[in-house]
Amino acid sequence: MGRIAPRFARVEPRCRVREFVLGLLSDLPRKNCWMLAEHAGNATPDGLRNLLSTRARRDADAVRDDPCGFVIEHLQDDEAVLVVDETGDLKRGTTTVGVWRQYTGTAGRIENSQVAVYLAYSTSRGHAAIDRELYVPRSWTRDAARCRAAGIPERVRFATKPALAARMIGRALDADVLVSWVAGDEVYGSNPHLRAALEHRQLGYVLACDHQITTRAAKIRADTLVKRLPKRAWQKLSADAGAKGHRYYDWALADIADEGSGHRHLPISRNRSTGKLAFECSHAPAADDLIPLTCNEIQHLFTALATQPTHTAAHRLRWSDWRRRHQARSRTCHCQRQAVYQP
């Protein structure tokens, strides 16, 4: 609480924030202003309502960033993963900001709800949410009077959930948060603009995708590609331990290289009991590391370019770069494996 207290101009909102957070961390069955106020010993919920409204002066963006800094200080890891997902709160009225009849995973169906997109920072030490964006449906942004009545700033425009995710990921990267990958479900994996934004930032991702994938040749259905895989392409691997032990799936990996940079694959998981398939699109930035030119590589290039010029120089140099990059990647993998098994 000492980290975010300076963001509030008066001492009263600071006390209310403490009561609010303690109430959220409690085991109350429902956590609305009435229940939280009663838990804090207040006679009415007016104080908490004023805190959550625009009456309490505060820097909301700074309050958002302070917990992020706290999480990074304790969980920072070079191999961290950013996980993006949305969740919804069921609502009965129509005046809460962003409330609309829409699909929410909380109910598993279309309900009157308020949906927000969250960004979590996950490492081997633990995980925690570091950012959030409220999803405001287009029906709200088109109604200026309704937005003014709810206190929505005029600068707020409609943005899809993938666009909100890209905004949060960009904020995390601009704040120098160390991260290697991004993970998300089909809502985000099926959006080409989000994937392009991640690739532009040289960030790897594993995102669930629909059955339609794009390759260098053409678009193809993922289930059609699965039928062409040989039996030896499948491996039994664990998706980590669950309540009843390891959760084993059959896994396969298909290369879906296209004209873009980096390495693109289609990881496929198959339930060993039901046979249900799940598809993810993955991207790993291209490694720029090349091993130094060796005597053998120089001799090979001299023979290919001067003695037996059957292909263009550009063709031969591309293959030389590929060999040196592959050797650098192999050396890195070997060193990492040795470090893992070193006693």
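In what follows, every heavy atom counts, from backbone to side chain, and hydrogens, waters and symmetry copies are set aside. Remember, it's a predicted structure, so these values are computed and weren't measured experimentally.
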Check: Quick one: does Glu86's side chain get under 4.5 Å of Asp185's, heavy atoms only?
Finding: yes
Item checked: Test item: Arg167 and Glu133 side chains (from C-beta on) under 4.5 Å apart, heavy atoms -> yes
Notebook entry, point to check: Do His127 and Ser122 get their side chains close enough for a donor-acceptor pair, meaning under 3.5 Å?
Noted result: no
Next item on the list: Check the pair Arg142 / Arg138 against side-chain contact (heavy atoms from CB on, under 4.5 Å), numbers first and verdict last.
Entry: CA-CA 6 Å; Arg142 287 177 175 175; Arg138 198 186 300 273; 3.1 Å; yes
Note to self: Quick one, Leu36 and Phe20 - any side-chain contact, counting heavy atoms below 4.5 Å?
What the structure shows: yes
Notebook entry, point to check: Would you call Arg132 and Arg64 a side-chain contact if the rule is heavy atoms closer than 4.5 Å?
Noted result: yes
Item checked: Criterion side-chain contact (heavy atoms from CB on, under 4.5 Å) on Val21 and Leu25, from CA distance to verdict -> CA-CA 6 Å; Val21 173; Leu25 296 176; 4.0 Å; yes
Notebook entry, point to check: Under a 4.5 Å side-chain heavy-atom rule over Ile, Leu, Val, Met, Phe, Trp and Tyr, are Trp140 and Leu134 clustered together?
Noted result: yes
Notebook entry, point to check: If you draw a 6.0 Å radius around CD in Glu154, do more than 12 non-hydrogen atoms from other residues or ligands fall strictly inside?
Noted result: no
Notebook entry, point to check: What heavy-atom pair brings Glu280 and Pro267 nearest, and what distance separates the two atoms?
Noted result: O-CD, 2.8 Å
Notebook entry, point to check: Hey, quick one: are Leu75 and Ile169 part of the same hydrophobic cluster, counting side-chain heavy atoms closer than 4.5 Å, chains of contacts allowed?
Noted result: yes
Next item on the list: Answer whether the closest heavy-atom distance between the side chains of Cys15 and Glu12 falls below 4.5 Å.
Entry: no
Notebook entry, point to check: Below 4.5 Å, heavy atoms only, C-beta onward: do Asp131 and Cys68 meet side chain to side chain?
Noted result: no
Note to self: Please say yes or no: joined through hydrophobic side-chain contacts below 4.5 Å, possibly via intermediate residues, are Val63 and Phe70 part of one cluster?
What the structure shows: no
Check: Is the shortest side-chain N to carboxylate O distance from Glu111 to Arg109 below 4.0 Å?
Finding: yes
Check: Are Tyr103 and Val84 grouped together when hydrophobic residues (ILVMFWY) are joined by side-chain heavy atoms under 4.5 angstrom apart?
Finding: no
Note to self: Could you tell me if the side chain of Leu82 sits less than 4.5 Å from the side chain of Tyr121, heavy atoms only?
What the structure shows: yes
Next item on the list: Would you please classify the geometry between the Trp251 ring and the Tyr249 ring as parallel, tilted or perpendicular, with 30° and 60° separating the classes?
Entry: perpendicular
Item checked: Gln102 and Ser113: CA distance, side-chain angles, deciding distance, side-chain contact (heavy atoms from CB on, under 4.5 Å) verdict -> CA-CA 7 Å; Gln102 54 193 323; Ser113 60; 3.5 Å; yes
Check: Around atom CH2 of Trp100, are there more than 12 heavy atoms of other residues, nucleotides or ligands at under 6.0 Å?
Finding: no
Check: When you look at CZ of Arg247, are more than 12 heavy atoms from neighbouring residues, nucleotides or ligands closer to it than 6.0 Å?
Finding: yes
Notebook entry, point to check: So, the side chain of Arg195 versus the backbone of Gly189: is there a donor-acceptor pair under 3.5 Å, distance only?
Noted result: yes
Notebook entry, point to check: Is the closest side-chain heavy-atom distance between Leu266 and Phe279 below 4.5 Å?
Noted result: yes
Next item on the list: Grab the two heavy atoms, one from Leu51 and one from Val17, that are nearest each other, plus how far apart they are.
Entry: CD1-CG2, 3.6 Å
Margin query: Pairing donors with acceptors under 3.5 angstrom, does anything connect the side chains of Asp250 and Gln235?
Written below: no
Item checked: Residues Arg228 and Asp223 bridged, charged N to O under 4.0 Å -> no
Item checked: Qualifying residue, where the test is side chain to side chain contact (heavy atoms under 4.5 Å, CB included) with Val179 and the options are Val81, Leu173, Asp77 -> Leu173
Notebook entry, point to check: How are the rings of Tyr205 and His283 set to each other: parallel, tilted or perpendicular (split at 30° and 60°)?
Noted result: parallel
Checklist line | Flag if over 12 foreign heavy atoms under 6.0 Å of CZ, Phe158 | finding: yes
Item checked: Audit row: Leu203, Trp181, side-chain contact (heavy atoms from CB on, under 4.5 Å) steps and yes/no -> CA-CA 6 Å; Leu203 197 59; Trp181 295 85; over 6 Å; no
